[in-house]
Structure formats: C-alpha cells, structure tokens
Amino acid sequence: LYRATADKRWLDLAKYFLDARHGKGGEYSQDHKPVVEQREAVGHAVRANYMYSGMADVAALRGDEKYVEAIHALWDNVVTKKLHLTGGVGARAAGEAYGDNYELPNRCYNETCAAIGYLFWNHRMFLMTGESKYMDVFERTLYNGFLSGVSLSGDRFFYPNPLEYDGSEANNHGHAGRAPWFGCACCPPNTLRTVASVGGYAYAVEDDRLFVNLYAEGQAKATVGGNEVTVVQETRYPWSGDVKFTLNPKKAGRFDLSLRIPGWVGGKPVPSDLYRYEDASPAEWIIKINGKPVSPEVVDGYARLDREWKSGDVVELHLGMPVRRVA
C-alpha cells in the first residue's frame with residue numbers, strides 16, 4: 001500500500017506490526033525475540049519467509065540500519081547453512097520448519113509455499129542492493145525448489161518436496177505422488193499465482209539502468225531513463241545458454257543494459273561455501289553487440305553495457321553450461 005500510494009502511514013504500520021513482536025512467543029512463529037535481534041532462520045518456514053520479506057521491505061524503504069543488519073544476517077544464515085541444493089527450504093516436517101544449521105536431509109519437507117516465500121524474500125534483497133547473488137538463489141529455487149511443486153499439466157501438486165522419495169509412500173499430505181488438491185489448500189493457488197507472475201521478476205529498472213535477471217523467451221516494455229524501451233528476448237534457456245536480445249527504444253538514447261552473469265557460470269553453485277562444484281573452473285561466457293564481441297565491466301554480478309542504443313540493436317549472450325558434480 002505504501003508503494004502504491006506513497007502514504008507513509010502504511011510503511012509505519014508495516015514496521016509497527018514487526019516491532020510488536022516483542023519476543024514473548026516461540027520460535028515456531030518467529031516471536032522468540034524481537035525481529036531486529038534475530039540472526040538465525042527458525043520455525044515455520046512459510047511464515048518465516050513471509051516475515052523476512054516484510055523485514056526486507058522495511059529495511060529498504062526506511063533505511064533502518066537495525067533491520068538492514070538483521071535481514072542480511074538471516075539471509076546469510078539460510079544460504080550458508082539451511083539451503084537445500086534445489087533451493088528448497090524448511091527441512092523438518094514437524095512444524096513445517098527450518099531445522100538446525102546444516103540439517104539438510106534428503107527426506108526433507110521443503111514446502112512449496114516456503115519456496116515461494118523464499119522467492120519473494122530474495123527478490124526484495126535484490127531490489128534493496130542491486131546484487132546478482134540474490135537472483136542467483138532466486139533462479140535455483142524457481143527452477144527446482146518451487147517448480148517441482150506443480151505437474152507439467154498444471155493440475156497436480158506437491159505440498160512437500162523431498163529430495164528423495166520411494167514413489168509409493170503417501171507423504172504428500174496423504175497422497176502418493178502429486179495430488180489435485182489438499183484440505184489445507186495453500187500450495188495450489190500460491191503456485192499458480194507465482195507462475196503467472198514470473199514475468200515481473202525478469203527485469204528491473206533503476207534510473208537509466210535496465211537489469212535483466214531471468215533469461216526466458218518473451219517481450220517486455222520498460223521506461224528507462226525516461227525512454228520507453230521494448231526488449232524481445234529469444235532463448236531456449238535453461239536448455240541452452242544462448243540468449244538473444246533485440247532492443248527497440250522509442251528514441252535513440254544512452255542507457256545501461258545490465259545482464260546477470262549467473263554465479264554457476266563463475267564456478268559457484270550458490271553464493272556461499274555450503275555447496276561446491278568438484279570442477280570449480282569458470283565456464284566461458286561471451287557477449288556480442290550487433291555481431292561484435294565486447295568486454296564489459298562486471299559489477300555485482302552484472303555485465304554492464306552502457307552505450308547509445310538505437311532501435312534494432314541486437315545483443316547476444318552465451319553462457320557456457322558444463323555438466324558438473326556438486327559436493
């Protein structure tokens with residue numbers, strides 16, 4: 001409401017709701033200590049990730065240093081100690097909860113809605129900082145920890161998403177395999193609204209800078225530095241690392257096109273030491289503008305193409321995709 005209206009009362013109210021959690025409850029509901037004193041992700045993973053998303057908004061929109069410190073520490077705790085390889089979170093079935101540090105069993109819970117909340121949280125961390133590592137985690141969760149929650153036909157769902165499953169145990173809230181519905185029906189509609197919203201995460205704008213966060217076939221329109229720009233993206237990603245952009249600004253003009261160079265290209269599966277590639281050598285990546293190779297500066301994980309653009313300019317990105325074993 002604050003972002004839509006610029007009425008500061010809504011932002012103050014958001015902070016009040018968080019500050020009102022004085023630490024008189026328990027870890028299950030993240031009310032075991034004031035939110036600005038929390039440094040470890042605990043309790044029900046869905047409500048945790050929704051709360052952390054709200055904390056990230058308050059941190060960013062108010063510039064509150066206590067909130068900034070707390071939300072960065074909480075994010076670091078998850079990505080260094082509580083993140084499954086799929087990007088799923090919330091290891092324990094008991095309490096649908098985050099487990100202890102390094103409690104990452106193959107027969108985990110990893111609720112679909114927890115992955116969705118984790119997407120929200122990571123996107124907000126990116127919006128606050130402009131750093132690609134948050135979208136690296138977002139991408140891993142999007143393609144693995146979240147997408148596993150829905151069938152290709154779009155009408156059957158997983159509530160939990162274990163890494164190991166025998167194919168017959170009725171571990172999906174009484175169902176063996178994906179189910180058409182649940183008595184507690186949070187995951188199906190949450191999954192479908194997230195699929196419908198994916199386009200909103202692909203790009204971002206800051207002044208005269210256009211960020212490309214996700215690589216997916218499609219067309220987007222954005223106002224960059226006061227200029228309306230249409231971007232057509234052609235790719236088979238993630239099956240191929242080749243992406244082609246055709247830029248059509250309404251009028252020729254200078255702006256910064258920032259392409260995310262994923263951490264896995266640089267030899268890191270996640271932005272921490274929790275997982276590593278056995279072959280950690282960086283993969284090749286190449287950018288061409290109108291057929292000519294360029295060597296852009298990479299800042300915070302984004303290759304920055306700052307130049308005068310005209311309608312019909314073509315940018316080609318190649319990301320090497322070697323098959324790697326993860327330890």
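The figures that follow rest on heavy atoms only: side chains count, while hydrogens, waters and symmetry mates do not.
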For the CH2 atom on Trp285, are there more than 12 heavy atoms of other groups (residues, nucleotides or ligands in this structure) within a distance under 6.0 Å?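 Yes.
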
Can you tell me how far [atom2] of [Y] sits from [atom1] of [X], rounded to the nearest 0.5 angstrom?
X      : Y      : atom1 : atom2 : answer
Lys81  : Leu274 : NZ    : CG    : 9.0 Å
Lys221 : Lys250 : NZ    : NZ    : 8.5 Å
Leu127 : Met125 : CG    : CE    : 11.0 Å
Tyr159 : Cys113 : OH    : SG    : 6.5 Å
Phe182 : Cys187 : CZ    : SG    : 6.0 Å

How about [X] and [Y]: do any of their side-chain heavy atoms sit closer than 4.5 Å?
X      : Y      : value
Tyr302 : Asn213 : yes
Trp309 : Ile289 : yes
Glu217 : Glu234 : yes
Arg276 : Lys268 : no
Thr235 : Lys244 : no
His318 : Glu284 : yes
Lys8   : Arg62  : yes

Is the side chain of [X] donor-acceptor paired with the backbone N or O of [Y] at a distance under 3.5 Å, no angle test?
X      : Y      : result
Asp313 : Thr246 : no
Thr80  : Ser272 : no
Arg156 : Arg178 : yes
Arg307 : Asp256 : no
Asn172 : Gly177 : yes

Kindly give the heavy-atom pair with the smallest separation between [X] and [Y], and that separation in Å.
X      : Y      : value
Tyr275 : Leu104 : OH-CD1, 3.9 Å
Met128 : Ala59  : SD-CB, 3.9 Å
Gly320 : Trp264 : O-CZ3, 3.3 Å
Val150 : Thr191 : CB-CG2, 3.7 Å
Tyr237 : Leu319 : CE1-CD1, 4.2 Å

Given the side-chain rings of Tyr134 and Trp75, with only the six-membered ring counted for Trp, is the space between their centroids under 6.0 Å?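 Centroid distance Tyr134-Trp75: below 6.0 Å, so yes.
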
Please determine whether a side-chain nitrogen of the Lys or Arg among [X] and [Y] lies less than 4.0 Å from a carboxylate oxygen of the Asp or Glu.
X      : Y      : result
Glu40  : Lys82  : yes
Glu139 : Arg260 : yes
Asp208 : Arg254 : no
Asp300 : Lys133 : no
Asp12  : Arg9   : no

Can you tell me if [X] and [Y] form a side-chain donor-acceptor pair at under 3.5 Å?
X      : Y      : answer
His44  : Glu96  : yes
Asn122 : Thr141 : no
Asn171 : Tyr109 : no
Tyr98  : Gln30  : no
Arg209 : Ser258 : yes
Asn77  : Asn101 : yes

CA sep, side-chain torsions, deciding dist, call: Phe126, Phe211, ring-ring contact (aromatic ring centres under 6.0 Å, His included): CA-CA 11 Å; Phe126 156 72; Phe211 292 82; 5.4 Å; yes

Under 30°, 30 to 60°, or over 60°: which ring-plane class applies to Tyr215 and Phe245, parallel, tilted or perpendicular? perpendicular

For the residue pair Tyr201 and Phe138, does the interplanar ring angle fall in the parallel (under 30°), tilted (30 to 60°) or perpendicular (over 60°) class?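 Ring orientation, 0 to 90° scale: tilted.
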
Take Arg92 and Glu111 through the salt bridge (charged side-chain N to carboxylate O under 4.0 Å, His left out) test and state the conclusion after the steps. CA-CA 9 Å; Arg92 289 182 186 170; Glu111 184 177 337; over 6 Å; no

Ring of Tyr277, cation from Arg324 - is the NZ or CZ under 6.0 Å from the centre and inside 45° of the axis? yes

Working for salt bridge (charged side-chain N to carboxylate O under 4.0 Å, His left out), residues Asp31 and Lys24: CA-CA 6 Å; Asp31 196 12; Lys24 296 178 181 177; over 6 Å; no

